[in-house]
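Structure first, commentary second.
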2 protein chains.
Amino acid sequence: MGYPRRVVATRDPWLSAAEQMRARGMRWTPQRRLVIDVLARSSGHVAASDVIEQCRRADPLTTPSTVYRTLDALETLGLIQHGHAADGHEEYHVLPQSEHGHRYCTNCGGSWEIDAKEAAELTRSMRDRQGFEVDLSHLTIVGRCAECA
Amino acid sequence: MGYPRRVVATRDPWLSAAEQMRARGMRWTPQRRLVIDVLARSSGHVAASDVIEQCRRADPLTTPSTVYRTLDALETLGLIQHGHAADGHEEYHVLPQSEHGHRYCTNCGGSWEIDAKEAAELTRSMRDRQGFEVDLSHLTIVGRCAECA
DNA sequence: ATTAATGCAAACGGTTTGCACTACT
DNA sequence: AGTAGTGCAAACCGTTTGCATTAAT
């Protein structure tokens with residue numbers, strides 16, 4: 001209706017990825033662009049194998065080592081963060097601008113993010129009762145989601 | 001090798017391990033005894049590599065494949081339960097008589113069990129707010145313990 | 001012209017498997 | 001005697017690395 005809606009200047013970290021890289025003397029290559037495209041379209045967390053597969057769809061010549069190295073590079077830029085999925089494999093969490101954990105359903109394989117607010121009770125009770133500071137970005141809760149339970 | 005699944009753990013599971021095995025037509029071997037010795041002395045959760053190393057200390061001829069197969073067998077007996085540590089490697093939880101999760105300190109490497117009581121707030125809030133049934137045995141919380149924080 | 005990044009192939013480390021042999025029952 | 005379990009070596013799979021080549025700066 002009428003004019004385009006006013007949008008808060010949401011600086012897109014992916015758009016600036018190229019500059020961030022150049023600023024550090026890193027190079028902006030087609031392969032890196034592709035990996036970043038895939039990440040940008042992702043749901044927030046992807047297995048390394050997913051990234052490789054998706055890249056290969058766009059460019060069948062994609063090489064695993066290049067993908068891994070790009071993911072490494074992006075992690076040093078702070079754009080992603082790696083961890084391990086329930087099955088023990090590498091998993092990359094995209095854009096941890098706000099630190100968060102994950103919730104997985106063992107039945108349907110679905111996954112959701114757990115933000116600080118949602119984890120508040122947990123972090124508080126751990127701090128109060130055990131003096132334990134929870135690292136939210138490593139929090140993983142496994143179980144059955146509402147639909148599957 | 002498919003054994004019948006699922007057995008209730010008894011009061012002193014290690015003493016009865018031999019009988020439980022024989023009852024299923026499994027055999028009681030020195031190698032298995034050794035693995036079980038190691039598990040019995042363990043703190044409640046061990047990495048596969050720990051088990052192998054400890055076994056090798058007692059018997060340098062210990063073979064990884066045998067250890068893995070024994071751990072498999074013990075899991076089908078319900079005496080242990082496997083999962084994945086923070087670094088993504090196999091980890092075995094001994095005697096999950098009472099279901100529990102784990103808490104790890106990234107600084108000192110210490111680990112503690114989280115029992116149902118301690119996790120009560122978490123499980124309740126997940127159930128109430130997301131309809132999510134937490135699987136306590138897969139709960140892993142990472143952070144800094146009271147001493148290290 | 002530099003030198004970072006790529007692509008390949010080979011190395012890696014933890015886990016699994018096939019198979020002939022051993023030894024528990 | 002019969003067969004589950006062992007030990008070895010080789011396969012596996014996801015990830016990492018060395019190195020000569022390519023290409024972004």
* When the distance from CZ of B/R24 to C1' of D/dT3 is rounded to whole Å, what number comes out? -> 18 Å
* Using modelled atom types only, decide if a donor and an acceptor are shared between the side chain of B/E75 and the backbone of B/H82 within a distance under 3.5 Å. => yes
* Asked: To the side chain of A/R22, which of D/dT25, D/dT6, C/dG7 is closest?
  -> D/dT25
* Asked: Taking B/R32 for the side chain and B/R27 for the main chain, is one N or O donor matched with an acceptor at less than 3.5 Å?
  -> yes
* Between A/H89 (NE2) and C/dG14 (P), how many Å, whole number? -> 14 Å
* Asked: Could you give the CG-to-C1' distance, from A/D50 to D/dC13, as a whole number of Å?
  -> 16 Å
* **Protein-nucleotide distance (A/L61, atom CG; C/dG7, atom P), rounded to Å** => 8 Å
* Asked: For atom CZ of A/R33, is the number of surrounding heavy atoms from other residues, nucleotides or ligands below 6.0 Å larger than 12?
  -> no
* To do: Step by step, work out the side chain to side chain contact (heavy atoms under 4.5 Å, CB included) result for B/L71 and B/L39.
  => CA-CA 10 Å; B/L71 291 170; B/L39 292 175; 4.1 Å; yes
* Structure fact -> From the candidates C/dT17, C/dT6, C/dG14, the one with an atom nearest any side-chain atom of A/T29 is C/dT6
* **Whole-Å gap separating P (C/dG7) and CD1 (A/I52)** => 13 Å
* Asked: In whole angstroms, how far is the P atom of C/dG14 from the CG atom of B/D72?
  -> 18 Å
* Asked: Could you give the CZ-to-P distance, from B/R56 to D/dT6, as a whole number of Å?
  -> 15 Å
* Are any of A/Q31's side-chain N or O atoms less than 4.0 Å away from OP1 or OP2 of D/dA23? -> no
* Has the side chain of A/R27 got a donor or acceptor that lies under 3.5 Å from a partner of the other kind on the base of C/dT3? -> yes
* Side chain of A/W28: nearest nucleotide among D/dT16, C/dC8, D/dT25? -> D/dT25
* Asked: For C/dG7, does either OP1 or OP2 sit under 4.0 Å from a side-chain N or O belonging to A/S65?
  -> no
* How would you label the contact of A/R32 with the nucleic acid (heavy atoms, under 4.0 Å): base, sugar-phosphate, or nothing? -> sugar-phosphate
* Output yes when a side-chain donor or acceptor of A/R56 lies under 3.5 Å from a complementary backbone atom of A/T62, and no otherwise. => yes
* Find which nucleotide of DNA chain D each of A/A48 and B/T70 is nearest to by heavy atoms, and output the residue with the more 5' nucleotide. => B/T70
* To do: For A/D59 and for B/E91, find the nucleotide of DNA chain C with the closest heavy atom, then tell me which residue's nucleotide is more 5'.
  => A/D59
* Asked: Expressed in angstrom and rounded to an integer, what is the separation of A/R33 atom CZ from D/dA23 atom C1'?
  -> 17 Å
